[in-house]
Enquirer: 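Shown below is the structure under consideration.
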Amino acid sequence: MNNKNIQPVKGTHDIHGEEIKKFNFIVEKFYSLTNKFNFQQVQTPIIEHQDLFTRSVGEHTDIVSKEMYAFTDKGDSTICLRPEATSSIARFAASEYLSGSMKISTHGPMFRRERPQKGRYRQFHQINIENIGEKSPYVDFEMIMVANSLLKEIGVEKKHFRLILNSLGSQADQLNYSKILIDYLSQYRSKLSETSLSRLEKNPMRILDSKDEQDKEILTNAPVISENLSQESTVYFNQVKELLDNNGIDYTIDHKLVRGLDYYTDTAFEFQTNEDKRQNAILAGGRYDKLISLISPRDIPGVGWAAGVERLMSLVNIKNDKEEKLKVLLAVQNDQFLLKSEILKKIYNLNCIHEIKINKNIKKIFSYADKNNFDFILLIGDEENLNNKIVLKNLKTKEQKIFNQSEIKLDHEIR
Ligand code: ATP
Ligand code: MG
């Protein structure tokens, strides 16, 4: 028999104990805040047609070309595990959008076959909002503002993160700028890294994102996009910045912030921790006016962001306050004692956390209650069972009372 332990798949993890508390805390804060801004939750499937991401995220991106979990389904269609949520929401909006602003919130697991390290997993979770249908500096600002408020609400201090901002301009601006960039970079063909060289014709703006030292040096004097934007895009970006200024949200402009995905236009942003490590991006997003037209016959603008829940978890501290509800342990020395007793019904109706424990050894019952922070024990031992009695002990005050099982009023005694 093969009884070797089966480990979780590389890059995946079980979330439990304190970690699951943090996870739920973040997700709950996320939904209560976004509800206030009238975002409506949508849950999209975890499996999608691979085509969705090839067309939206782009086939030359790392996400699609290297990191996708894809397989051929029994028939012939290529299915994948979603690497992100925005494309799925865009697919949904392409068929459901009517008019005005469609504001959507979602959360769930995403899958990317990356090299696992701290803060970088193959299955991780995102919280995500999208605002589809309207293009205005206010809409972009509101997305950033909600992100900023969320970080505050979950207790991430201002000094621990920064907001990085850039404008990628319209599609026409990007075409124009790409030409300028290709001209500049072509002088350094022999010095560029292999990856950057392969991107030079296909996707020159992504070279700005290069981590290669020599590439970085070449890029120091490269023309920047913000100086090559159309008048319209410049005015638009200035208004986003003005709204941020007037609402006390600090930011730093970074001309090299291009984001890893192909579909962004105009406002792009990223919240980073102040630590200088590769996993310092906690929340990222931007405007994507052409995305929906890449996956459907419709042309609808949108803006959105996603935050990595695991990365946020490492920044939050939830106080270990005592749970609000009282914890009651109903212990019996023999499971036969539960058969005819009315106590089960009573305890199920009580607004407390409860657990039923069956153990002959009273000492063990008490030490279990102690270790697990119970407030009360209800005990039916051999003796009590003989005459339909039950012992109630308040573990904090040590006070102990005996009742008839049929007469005890739990909601009166346990408070
Ligand atoms: P990075 O630069 O760290 O690879 P990214 O640009 O690929 O991030 P996005 O696609 O913008 O990330 O996803 C939004 C957020 O999701 C990131 O800011 C990060 O917090 C989180 N995230 C992305 N990839 C992972 C991963 N493999 N493991 C854990 N969290 C992740
Ligand atoms: Mg990445």
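Below, all heavy atoms of this structure are taken into account, side chains as well, without hydrogens, waters or symmetry copies. What you see is a predicted model; the values in this text were computed from it and never measured.
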Enquirer: Has the side chain of Asn388 got a donor or acceptor atom that lies under 3.5 Å from a matching backbone atom of Glu384?
Expert: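 Checking the backbone N and O of Glu384 against the side chain of Asn388, no donor-acceptor pair under 3.5 Å is found.
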
Enquirer: Scan side-chain atoms only and decide if Tyr264 and Gln174 contain a donor-acceptor pair under the 3.5 Å cut-off.
Expert: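 No.
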
Enquirer: Enumerate the ring-ring contact (aromatic ring centres under 6.0 Å, His included) contacts for residues 127-148, please, sequence neighbours excluded, ordered by first and then second residue.
Expert: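 Qualifying pairs: Tyr138-Phe141.
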
Enquirer: Judged by modelled atom types alone, do Ser193 and Ser196 share a side-chain donor-acceptor pair under 3.5 Å?
Expert: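 Side chains of Ser193 and Ser196: pair found under 3.5 Å.
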
Enquirer: Within a strict 4.5 Å, meaning less than it, do heavy atoms of the Thr106 and Ile89 side chains meet?
Expert: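 SC-SC contact between Thr106 and Ile89 confirmed.
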
Enquirer: Side-chain donor-acceptor pair under 3.5 Å between Asp140 and Tyr236, yes or no?
Expert: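 Result is yes, a qualifying pair exists.
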
Enquirer: Looking at Lys216 and Glu213, is there a salt bridge between them, counting it only when a charged N and a carboxylate O are closer than 4.0 Å?
Expert: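 Looking at Lys216 together with Glu213, the answer is yes, because their closest N to O distance falls below 4.0 Å.
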
Enquirer: Under a 3.5 Å distance rule, please check whether Asp73 uses its side chain to pair with a backbone N or O of Ile79 as donor and acceptor.
Expert: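 Side chain of Asp73 to backbone of Ile79, a donor-acceptor pair under 3.5 Å: no, none is there.
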
Enquirer: Run the numbers on Tyr251 and Asp245 for side-chain hydrogen bond (donor to acceptor under 3.5 Å, both in side chains), then give the verdict.
Expert: CA-CA 9 Å; Tyr251 55 87; Asp245 292 335; 3.0 Å; yes

Enquirer: Does Ser367 offer a backbone N or O that forms a donor-acceptor pair with the side chain of Asp370 under 3.5 Å?
Expert: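 Such a contact is absent between Asp370 side chain and Ser367 backbone.
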
Enquirer: So, Ser170 versus Asp173: side-chain donor-acceptor pair below 3.5 Å or not?
Expert: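 Note: Ser170 and Asp173 side chains meet the donor-acceptor criterion.
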
Enquirer: Can you see which heavy atom on Met313 is nearest to which on Ile15, and at what distance?
Expert: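 Residues Met313 and Ile15, closest heavy atoms: CE-CG2, 4.2 Å.
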
Enquirer: Can Lys327 be said to sit on top of Phe376's aromatic six-ring, NZ or CZ under 6.0 Å from centre and within 45° of the ring axis?
Expert: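 Relative to the ring axis of Phe376, which defines the angle, Lys327 lies outside at least one limit.
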
Enquirer: List for me each residue that meets side chain to side chain contact (heavy atoms under 4.5 Å, CB included) alongside Ile362, sequence neighbours excluded, and say none if there are none.
Expert: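 Side chain to side chain contact (heavy atoms under 4.5 Å, CB included) list for Ile362, sorted by chain: Gln333, Phe366, Leu379.
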
Enquirer: If you define the side chain from C-beta out and look only at heavy atoms, does anything of Ile365 sit under 4.5 Å from Leu329?
Expert: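 The answer is yes, as the side chains (C-beta and beyond) meet within the 4.5 Å cut-off.
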
Enquirer: Can Ser101 and Glu134 be counted as having a side-chain donor-acceptor contact under 3.5 angstrom?
Expert: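 Glu134 and Ser101 do have a side-chain donor-acceptor pair below 3.5 Å.
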
Enquirer: How are the rings of Trp305 and Phe30 set to each other: parallel, tilted or perpendicular (split at 30° and 60°)?
Expert: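 Ring orientation, 0 to 90° scale: perpendicular.
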
Enquirer: Does a salt bridge link Glu114 with Arg120, judged by any charged N lying under 4.0 Å from a carboxylate O?
Expert: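 Salt bridge: yes.
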
Enquirer: So His107 and Tyr31, would you call those rings parallel, tilted or perpendicular, with 30° and 60° as cut-offs?
Expert: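 Plane angle over 60°, so perpendicular.
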
Enquirer: With ring-ring contact (aromatic ring centres under 6.0 Å, His included) as the rule and sequence neighbours excluded, what pairs involving residues 65-99 come up?
Expert: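 Found none.
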
Enquirer: Looking at Asp375 and Lys396, is there a salt bridge between them, counting it only when a charged N and a carboxylate O are closer than 4.0 Å?
Expert: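 Yes.
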
